[in-house]
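Report on the following structure.
Residue numbers start from 1 in every chain, and the chains themselves are labelled A, B, ... in the order their sequence lines are given, proteins ahead of strands.
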2 protein chains.
Amino acid sequence: MKLTPKGQATRQRIIEGAAEYLRGNAPGAVTLDDVGAVTRTSKGQIFHYFPDGKEGLLLAVARHEAGGVLTDQEPHLSALDSWESWTAWRDAVVARYQAQGRHCPLGALMDQMSSSPGTAEVITELLAQWQRAIRAGVVSMQASGQVRAELDPDRTAAAFVAGIQGGVQVLRATGRSDQLEAAFDLMLDYLRGA
Amino acid sequence: MKLTPKGQATRQRIIEGAAEYLRGNAPGAVTLDDVGAVTRTSKGQIFHYFPDGKEGLLLAVARHEAGGVLTDQEPHLSALDSWESWTAWRDAVVARYQAQGRHCPLGALMDQMSSSPGTAEVITELLAQWQRAIRAGVVSMQASGQVRAELDPDRTAAAFVAGIQGGVQVLRATGRSDQLEAAFDLMLDYLRGA
DNA sequence: GTTCTTCTGGACTTGCTAGTCCACAATTTG
DNA sequence: CAAATTGTGGACTAGCAAGTCCAGAAGAAC
């Protein structure tokens, strides 16, 4: 399928509108008519750009949202080489998710998972990237002697991913960020060797 | 609404059948006809026992499943008073969720959340109970001098909840329990004062 | 045992939604 | 400009699923 610049723009508009809409609504409850209304497009266009229909659209949205999760944490995530940068990252993540509340891209992604199977792979890849970035930070801290060398960077990074992920999940359910902050702080303390 | 013993049994059969079915399917994709087929009941019965229809049924299922999450972790959860009991608990949780894979009550609950609002409260209550139980374990370890006293039991318990929750979530998405184990071990190490 | 209540089955209605189809508009290409 | 391609709108279909309704069976009550 060839796309002119205009077509590209429309396709993008659909993805972004659908993404935003999905952040506030369960994927099962979002209809193509909703998407059309939000993005000012017709059924014809949606199927023109997403021949696989709803499933294809959701997958495209998933990929779009997955991209945003990590770039939202920049520039912190790529430069975890001092204690200041780690805490700055912590603060950025907490603030970000507090502000979003329920309108959470990552959470919306998780919700999509049970509906369309392809989403699971997108999430798996996202988590892997995330973990790699954190791992790099741990290694860099070890290289400069700020973190003890016997720590396993892989497992530490894995724990961070789980803790943040869980904290966000709890935040979505309860509206409170206590668990997210507690998990983050505990893990940072651990890193410091407290 | 009065229920004879027979009625009770039928109602229970519907809840349990629906619960099991929901563990493997997205709530939006589960129809009342499915539930009827699985539990060998008719539409009439479902609406007889759940006048609020699907939403009421889902809520009843949520409550049912929430009850199971904590009792599944017994007797460990109520007796976190020695290092052996903590690691036994860890092993039980990891084994449990590894075995379940995707058929996870807690995860299914989270999925329901975006569809029916009432579920969020059920989850909030469940998480609170869970956190209280862990907190009690931390306090008990402090009382016997096995954990340093300056640790905040509330925040520590909150971090545990987030870590486990996140680990389980990752397990559901990727099928791997690495993150769950890593988070658990990191937090236990932290508790030990490593 | 008859009368009242609860339980069960399933046909039916109603509304909604994914997906189709096609006519027409805009844009590119040569 | 003419022809081909790409973009847009919206009416229409088909099927599904929630919820209604009621007739009758099974069981309680006395």
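Straight-line distance from the CG atom of D52(B) to the P atom of dA18(D): 15 Å, rounded to whole Å. When the C1' atom of dA18(C) is taken as reference, atom CD1 of I46(A) falls 10 Å away, rounded to whole Å. Here the C1' atom of nucleotide dT17(C) and the CZ atom of F50(A) are 18 Å apart, to the nearest Å. At whole-Å resolution of the value, CD1 in I14(A) and P in dG7(D) are 11 Å apart. Following rounding to the nearest Å, Q8(B) (CD) and dT6(C) (C1') show an atom-to-atom distance of 13 Å. Spacing between atom CG of L3(A) and atom P of dT6(D) amounts to 9 Å, rounded to whole angstrom units. In this structure, H48(A) places its NE2 atom 12 Å from C1' of dA26(C), rounding to the nearest Å. Taking atom CZ of F47(B) as the reference point, atom P of dG9(C) lies 16 Å away to the nearest angstrom.
A donor and an acceptor atom, one from each side chain of Q112(A) and S116(A), are nowhere located under 3.5 Å apart. In this structure, a donor-acceptor pair under 3.5 Å is absent between the side chains of W130(B) and Q165(B).
When all heavy atoms of R90(B) and D185(B) are compared, the pair lying nearest together is NH1-OD1, 2.6 Å. Scanning both residues, R11(A) and Y49(A), for their nearest heavy atoms gives NH1-O, 3.2 Å. For the residue pair F47(B) and G53(B), the shortest heavy atom distance occurs at CE2-CA, 3.5 Å.
Classification of R172(B) and D111(B) as a salt-bridged pair holds, one side-chain N sitting under 4.0 Å from a carboxylate O.
Comparing dT8(D), dC7(C), dA18(C) against the side chain of K54(A) picks out dA18(C) as the nearest.
Among the atoms of the strands shown, base atoms are found under 4.0 Å from some heavy atom of G44(B). The residue G53(A) sits close only to the backbone: its heavy atoms come under 4.0 Å of sugar-phosphate atoms, none of a base.
The shortest distance between side-chain heavy atoms of L186(B) and T156(A) falls below 4.5 Å.
Between F160(B) and W86(B), the distance separating the two ring centers is shorter than 6.0 angstrom.
The shortest distance between the side-chain N/O atoms of Q45(B) and the OP1/OP2 oxygens of dT8(C) is below 4.0 Å. Y49(A) has a side-chain polar atom (N or O) that falls below the 4.0 Å cut-off from OP1 or OP2 of dT8(D).
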Grab the N/O contacts between the protein and nucleotides 28-30 of chain C below 3.5 Å, and write none if there aren't any.
none

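Listed in residue order, the members of residues 26-43 of chain A having a heavy atom less than 4.0 Å from DNA chain D are S42(A).
Following chains of ILVMFWY side-chain contacts shorter than 4.5 Å, one can reach I134(A) starting from Y190(A), so the two form part of one hydrophobic cluster.
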